[in-house]
2 protein chains.
Amino acid sequence: MSNSPHITEAESEVMKLLWQKEPLSASEIISKLSDQMSWTDQTIKTFLNRLHKKHAIRFEKAGRNYLYFSLVSQEEYLKTENRSFLDRVYNGAVGMLFTKFLEEETLSEKAIEELQQLLEKKKKS
Amino acid sequence: MSNSPHITEAESEVMKLLWQKEPLSASEIISKLSDQMSWTDQTIKTFLNRLHKKHAIRFEKAGRNYLYFSLVSQEEYLKTENRSFLDRVYNGAVGMLFTKFLEEETLSEKAIEELQQLLEKKKKS
DNA sequence: AAATATCGTTTACACCCGTAAACATAGTAC
DNA sequence: GTACTATGTTTACGGGTGTAAACGATATTT
């Protein structure tokens with residue numbers, strides 16, 4: 001259970017693709033990201049390599065193609081990022097974090113109702 | 001309305017002090033942070049200097065002492081940090097962010113009720 | 001078998017950031 | 001006015017990160 005490696009912002013764009021659909025071939029990853037991010041193929045290959053080195057992804061050879069799989073789940077990633085953000089910016093005060101986001105962001109009525117249900121559920125545990 | 005400068009994690013420790021009580025003298029800042037963060041005085045002086053250069057703080061001379069004032073409010077800082085975190089990690093989906101934090105963090109009953117009130121208020125606008 | 005395409009690997013480079021030493025300046029004390 | 005003190009300013013340096021070129025290896029095509 002090695003704790004998740006640190007995934008940088010740029011690297012996370014690769015991970016986000018894999019979390020949506022897995023596996024993906026190198027060419028799929030490269031073509032999507034060179035569009036979305038305006039990165040050259042070389043840049044994307046660097047990220048794939050770094051992610052591989054830190055065991056955040058793995059790949060399999062299939063003939064002349066390579067298939068990529070994530071080794072770090074989005075759950076783990078979000079958990080780590082949430083924690084560090086919460087501590088860094090709010091000194092761990094979740095209540096304050098919620099309050100601030102509620103002040104600043106707009107939520108659809110539906111979203112609000114979903115949150116209210118979540119809170120009700122939470123109350124009972 | 002120049003948009004807020006980027007304040008790094010280490011620098012934010014200085015700002016947090018100023019947001020609590022303002023102004024503070026250099027010696028107050030240095031003594032508090034060398035304790036809390038185990039930084040040398042030189043390190044802290046670097047942060048003060050960088051914050052000054054990017055117009056996040058200002059200072060006034062008072063004899064041989066210097067008094068520091070923040071130029072970036074905590075509100076602005078939180079707003080910026082929240083936005084960038086939300087976009088970077090959640091692609092702007094606030095609802096998902098709330099859901100994830102609710103899953104992971106424990107909230108006191110009182111905190112939950114406060115949030116419920118906030119949500120009710122929010123509904124009406 | 002030689003050429004080509006598809007990848008991985010190595011190396012590079014500049015900027016940011018945490019950390020800090022060294023130097024400069026201006027009050028204060030003696 | 002000379003030494004000391006409190007502080008700002010300049011310079012440094014290594015590691016992380018975004019960005020990428022150059023090189024290498026292997027499978028497909030011809």
Side-chain angles (χ1 to χ4, degrees), chain A residues 4-18 23-69 71 77 80-81 84 87-89, chain B residues 4-18 23-69 71 77 80-81 84 87-89:
Chain A
S4 335
H6 179 238
I7 293 167
T8 72
E9 178 167 4
E11 288 163 3
S12 81
E13 295 299 330
V14 176
M15 299 304 290
K16 283 178 189 170
L17 288 186
L18 288 176
L24 290 175
S25 68
S27 59
E28 286 174 306
I29 294 175
I30 289 174
S31 89
K32 285 194 188 182
L33 289 182
S34 41
D35 278 12
Q36 288 172 30
M37 301 288 124
S38 316
W39 288 335
T40 68
D41 53 341
Q42 294 299 337
T43 299
I44 298 162
K45 284 196 272 182
T46 299
F47 297 145
L48 287 172
N49 191 245
R50 287 183 183 166
L51 285 168
H52 183 232
K53 270 190 185 156
K54 59 176 85 162
H55 306 293
I57 61 175
R58 68 183 178 86
F59 55 82
E60 280 173 16
K61 227 177 194 166
R64 78 177 153 180
N65 287 330
Y66 285 68
L67 293 179
Y68 285 86
F69 301 78
L71 285 177
Y77 170 75
T80 306
E81 290 301 313
S84 79
D87 288 343
R88 177 169 63 82
V89 179
Chain B
S4 335
H6 178 238
I7 292 167
T8 72
E9 179 166 3
E11 288 163 3
S12 80
E13 295 298 331
V14 177
M15 299 303 290
K16 283 179 189 169
L17 288 186
L18 288 177
L24 290 175
S25 68
S27 60
E28 285 174 307
I29 294 175
I30 287 175
S31 89
K32 285 193 188 182
L33 288 181
S34 43
D35 278 13
Q36 287 171 32
M37 301 287 126
S38 314
W39 287 334
T40 68
D41 55 340
Q42 293 301 333
T43 299
I44 298 162
K45 284 196 272 181
T46 299
F47 297 145
L48 287 172
N49 191 245
R50 286 182 183 166
L51 285 168
H52 183 232
K53 271 191 185 155
K54 58 176 87 165
H55 305 293
I57 60 176
R58 68 183 178 83
F59 54 81
E60 279 173 17
K61 225 175 193 166
R64 76 178 154 178
N65 287 328
Y66 285 69
L67 292 180
Y68 284 87
F69 301 79
L71 285 177
Y77 170 74
T80 305
E81 290 301 314
S84 79
D87 288 343
R88 178 169 63 82
V89 179

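Throughout, protein chains are lettered first and strands after them, A, B, ... in sequence-line order, and every chain is numbered starting at 1. Just so it is clear, the structure is predicted and the values come from calculations on it, not from any experiment.
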Rounded to whole Å, how long is the line connecting atom [atom1] of [X] with atom [atom2] of [N]?
X: A:Ile44; N: D:dT17; atom1: CD1; atom2: P; value: 19 Å
X: B:Arg88; N: D:dG18; atom1: CZ; atom2: P; value: 10 Å
X: B:Leu51; N: C:dG18; atom1: CG; atom2: P; value: 10 Å
X: A:Phe59; N: C:dT9; atom1: CZ; atom2: C1'; value: 10 Å
X: A:Ile7; N: D:dG16; atom1: CD1; atom2: P; value: 16 Å
X: A:Lys61; N: C:dT6; atom1: NZ; atom2: C1'; value: 11 Å
X: B:Leu48; N: C:dG18; atom1: CG; atom2: P; value: 14 Å
X: B:Gln42; N: C:dC23; atom1: CD; atom2: C1'; value: 10 Å

From [X] [atom1] over to [Y] [atom2], what is the distance, rounded to the nearest 0.5 angstrom?
X: A:Lys53; Y: A:Asn49; atom1: NZ; atom2: CG; answer: 5.0 Å
X: B:Thr46; Y: B:Leu51; atom1: OG1; atom2: CG; answer: 10.5 Å
X: B:Glu28; Y: B:Leu33; atom1: CD; atom2: CG; answer: 11.5 Å

Determine: side-chain N/O of [X] to OP1/OP2 of [N], distance under 4.0 Å, yes or no.
X: A:Thr43; N: D:dG18; value: no
X: B:Thr46; N: C:dG18; value: no
X: A:Ser27; N: C:dT6; value: no
X: A:Asn49; N: C:dT9; value: yes
X: A:Trp39; N: D:dA20; value: no
X: A:His6; N: D:dT17; value: yes

Quick check: on DNA chain D, is the nucleotide nearest A:Asp41 upstream (toward 5') of the one nearest A:Glu11, or the reverse? Name the residue that is more 5'.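 Counting from the 5' end, the first nearest nucleotide belongs to A:Glu11.
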
When the nearest nucleotide of DNA chain D is assigned to B:Lys45 and to B:Arg50 on a heavy-atom basis, which residue is associated with the more 5' position? B:Lys45

For B:Glu9, which contact category applies under a 4.0 Å heavy-atom criterion: base, sugar-phosphate, or nothing?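 Counting heavy atoms under 4.0 Å across all strands, the contact made by B:Glu9 is with sugar-phosphate only.
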
Could you tell me whether A:Thr40 contacts a base, only the sugar-phosphate backbone, or nothing, with contacts defined as non-hydrogen atoms closer than 4.0 Å?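 Touches sugar-phosphate only.
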
Counting only N and O atoms by type, is there a donor-acceptor contact under 3.5 Å from the side chain of B:Thr40 to the main-chain atoms of B:Thr43?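 Yes; at least one donor-acceptor contact below 3.5 Å.
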
Of the listed D:dG18, C:dG18, D:dT9, the closest approach to the A:Phe47 side chain comes from D:dG18

As a test of understanding, state which of A:Phe59, A:Phe69, A:Tyr66 forms a side-chain contact (heavy atoms from CB on, under 4.5 Å) with A:Pro23. A:Phe69

